[in-house]
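Everything numeric in this text was worked out from a predicted model, so none of it was measured. Throughout, a chain's letter reflects where its sequence line sits, starting with A, and its residues are numbered from 1.
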Number of protein chains: 2
Amino acid sequence: MELPLYLKLSNELKYQIITGDFKAGDLLPSESDMRKSHNLNRATIRQALNELVKEGYISKHKGKGSIVTEREASLELLSIKGFSEVLGKKSDDVSTQIITHPHCNKWPENFFYSLSTEEIEAGCIYMKRLRFYEQDSVMLEDTYLADLGLSNLYEQDLIRGSLFQSLNFFYQITISNVEQEIKAVIADTSLSKTFKIQKGAPLLHIYRKYFTNRNGLNIYSSLYINTEKYRIGYKFQ
Amino acid sequence: MELPLYLKLSNELKYQIITGDFKAGDLLPSESDMRKSHNLNRATIRQALNELVKEGYISKHKGKGSIVTEREASLELLSIKGFSEVLGKKSDDVSTQIITHPHCNKWPENFFYSLSTEEIEAGCIYMKRLRFYEQDSVMLEDTYLADLGLSNLYEQDLIRGSLFQSLNFFYQITISNVEQEIKAVIADTSLSKTFKIQKGAPLLHIYRKYFTNRNGLNIYSSLYINTEKYRIGYKFQ
DNA sequence: GAGTGGTCTAGACCACCTG
DNA sequence: AGGTGGTCTAGACCACTCG
């Protein structure tokens, strides 16, 4: 349960960046400063800082230091984080409408990923959610996962509408990595009503497979995203 | 000019994966094996392996080892690499048609990124390329960069049609990171002719900004991608 | 020249997986 | 039980930035 030291440090710094103790363009304390202030080895501190680089919070510059990154105007939905966590940083005006509450039944036929027999036999927890950003419906998400002893998900309400937070709270399940595929598609009648756009308007369609720290448990999503007002952004390295 | 040891090792392993010495699902030699065989410290080896994880070549598993990743069927164009490098792994049938050869003139008005005065004064090297994968036109790319002493780019042919390889060869310029934004759009008359698809068909539109190891030199791209046959894939972590 | 991050070594203990 | 990767310490030298 105890987090490793480097994650404690990176979480602490992340918190200070999000709350504005360190602002975009600021220099973080140098690695040797933190060595003294936190009484940690330099390698541990570097591991923490690399974590922040990977998540896009800072960039490092030889001879200068670690600089807090400008937050982007676009929605960084391609990253590994959930919708609420990503957008919560930018605006309080993020909401989720649960169209179909989590419930358990059979997996759909011709599912978009191939499943293990363990997953098929466990049955499928399914839910459908519509995400809003500043009053606009931005993303429609169908989520599927195997019911491997996860009945809390459909017997109780999701914590703040977030699947990831609920999985973490009830079962200590966290996301380890993601595969995704992106396509451009055209809105059919049903999608055009959902997003209040014209039939034939362009949408992104993303298939995702999330891997978790629990062996054999994966989460599958099909996402439609309206990029008319908000583009989807991402940074590498 | 000399590469650090961890990059030499990661390049060596990458080469062995690409050429098939290690196949998808194979275990790489353990960290302590490589410590002996390459006479390197374990931290250096771990740095090399983390490089491969970041680029999606392997995944690491506590207690088991490092496993070579399955190569995806989708086109991993969201990654930092250039078109040729990414697709060259899957098929030899990758080609580039240069529609407008690199030449230098003024920057377009209302350019999609804001430019530094240094960039504006240097003028703009522009080129337009259409990329084919297995005979299908998949991607239309407009590329722009400031002419900061890069006249070799338009006075000679690009090396194998690749801008990145030419920059590397002539000027030792490499890409350090990328920002990009993705939108779904609809083919107009001109795009529908280019991709041989119907007017109104959906396309991805991506704006990219590549940062390089040369300070102040950035490369800007506007990409249209036809995802009808090939999806765009990416893995995280 | 002083301070920064980048690379590298030589150790150590731990949790996890598999036979 | 033996081997694997994950975390951590205590040092060292280097290239780069800036005043």
Side-chain angles (χ1 to χ4, degrees), chain A residues 1-13 22 25-54 57-69 172-174 176-177 211-217 237, chain B residues 1-13 22 25-54 57-69 172-174 176-177 211-217 237:
Chain A
M1 198 58 240
E2 189 71 4
L3 275 181
L5 297 175
Y6 79 94
L7 282 181
K8 280 191 200 165
L9 175 57
S10 73
N11 283 338
E12 180 187 328
L13 292 168
F22 298 121
D26 284 359
L27 276 175
L28 289 189
S30 76
E31 295 177 355
S32 63
D33 282 355
M34 292 198 216
R35 225 189 63 237
K36 293 166 202 155
S37 62
H38 288 74
N39 197 29
L40 288 172
N41 186 276
R42 187 165 164 231
T44 307
I45 287 159
R46 287 179 61 75
Q47 204 174 353
L49 293 179
N50 284 337
E51 211 50 40
L52 296 179
V53 170
K54 201 160 65 181
Y57 286 90
I58 64 170
S59 59
K60 304 178 85 183
H61 304 272
K62 201 192 297 192
K64 285 171 73 176
S66 299
I67 297 178
V68 176
T69 310
Q172 292 78 52
I173 291 171
T174 56
S176 55
N177 59 337
F211 298 83
T212 69
N213 58 346
R214 183 185 289 190
N215 223 318
L217 178 67
Q237 217 68 293
Chain B
M1 198 58 241
E2 190 70 4
L3 275 181
L5 296 175
Y6 79 94
L7 283 181
K8 280 191 201 165
L9 176 56
S10 73
N11 283 338
E12 180 187 328
L13 292 168
F22 298 121
D26 284 359
L27 276 175
L28 288 189
S30 75
E31 296 178 355
S32 63
D33 283 354
M34 293 198 217
R35 224 190 63 238
K36 293 165 202 156
S37 63
H38 288 74
N39 197 29
L40 288 172
N41 188 276
R42 186 166 163 228
T44 306
I45 288 159
R46 287 179 61 74
Q47 205 175 352
L49 293 179
N50 284 336
E51 209 53 37
L52 296 180
V53 170
K54 202 160 66 182
Y57 286 89
I58 63 170
S59 59
K60 304 177 85 183
H61 303 271
K62 202 193 295 192
K64 284 171 71 177
S66 300
I67 298 178
V68 176
T69 310
Q172 292 76 53
I173 291 171
T174 57
S176 56
N177 59 335
F211 298 84
T212 69
N213 58 345
R214 183 184 291 190
N215 223 320
L217 178 66
Q237 219 70 288

**Message:** I need the minimum non-hydrogen distance between Ile58(B) and Leu49(B), along with the two atoms involved.
**Reply:** CD1-O, 3.7 Å
**Prompt:** Could you give the CD-to-C1' distance, from Glu51(B) to dT7(C), as a whole number of Å?
**Reply:** 13 Å
**Request:** Go along nucleotides 9-19 of chain C 5' to 3' and tag each nucleotide: B for a protein heavy atom under 4.0 Å from its base, S when only backbone or sugar atoms are that close, - otherwise.
**Result:** BB-B--BBSS-
**Message:** Counting only side-chain nitrogens and oxygens, does Lys60(B) get under 4.0 Å of the OP1 or OP2 atom of dT4(D)?
**Reply:** no
**Asked** Under a 4.5 Å cut-off applied to non-hydrogen side-chain atoms, are Tyr57(B) and Ser66(B) in contact?
**Response** no
**Message:** Just so I know, are the side chains of Leu13(B) and Ser10(B) near enough to count as touching, which here means a heavy-atom distance under 4.5 Å?
**Reply:** no
**Asked** Whole Å only: how far is the CD1 atom of Ile45(B) from the P atom of dC8(C)?
**Response** 11 Å
**Fill in**
Atom CG of Leu49(A) and atom P of dT7(C) are separated, to the nearest Å, by 14 Å
**Message:** Restricting to non-hydrogen atoms, name the atom on Glu31(B) and the atom on Ile45(B) that form the minimum distance, rounded to 0.1 Å.
**Reply:** O-CD1, 3.7 Å
**Request:** Evaluate the side-chain proximity of Ile67(A) to Leu27(A): yes if any heavy-atom separation is below 4.5 Å, no if none is.
**Result:** yes
**Message:** In this structure, how many angstroms lie between the C1' atom of dC18(D) and the NE2 atom of His61(A), rounded?
**Reply:** 15 Å
**Request:** To the nearest Å, give me how far apart CD (Gln47(B)) and P (dT7(D)) are.
**Result:** 15 Å
**Request:** Return the residues of residues 25-38 of chain B meeting this criterion: a heavy atom under 4.0 Å from some atom of DNA chain C. Order them by number, or give none.
**Result:** none
**Message:** In this structure, how many angstroms lie between the P atom of dT4(D) and the CD1 atom of Ile58(B), rounded?
**Reply:** 15 Å
**Item:** Contacts of type side-chain contact (heavy atoms from CB on, under 4.5 Å), residue Gln47(A), not counting sequence neighbours
**Value:** Tyr6(A)
**Asked** So do the side chains of Asn11(A) and Glu51(A) get within less than 4.5 Å of each other, counting heavy atoms only?
**Response** no
**Prompt:** Looking only at heavy atoms, which two atoms of Leu5(A) and Thr44(A) are closest? And how far apart?
**Reply:** CB-CG2, 4.1 Å
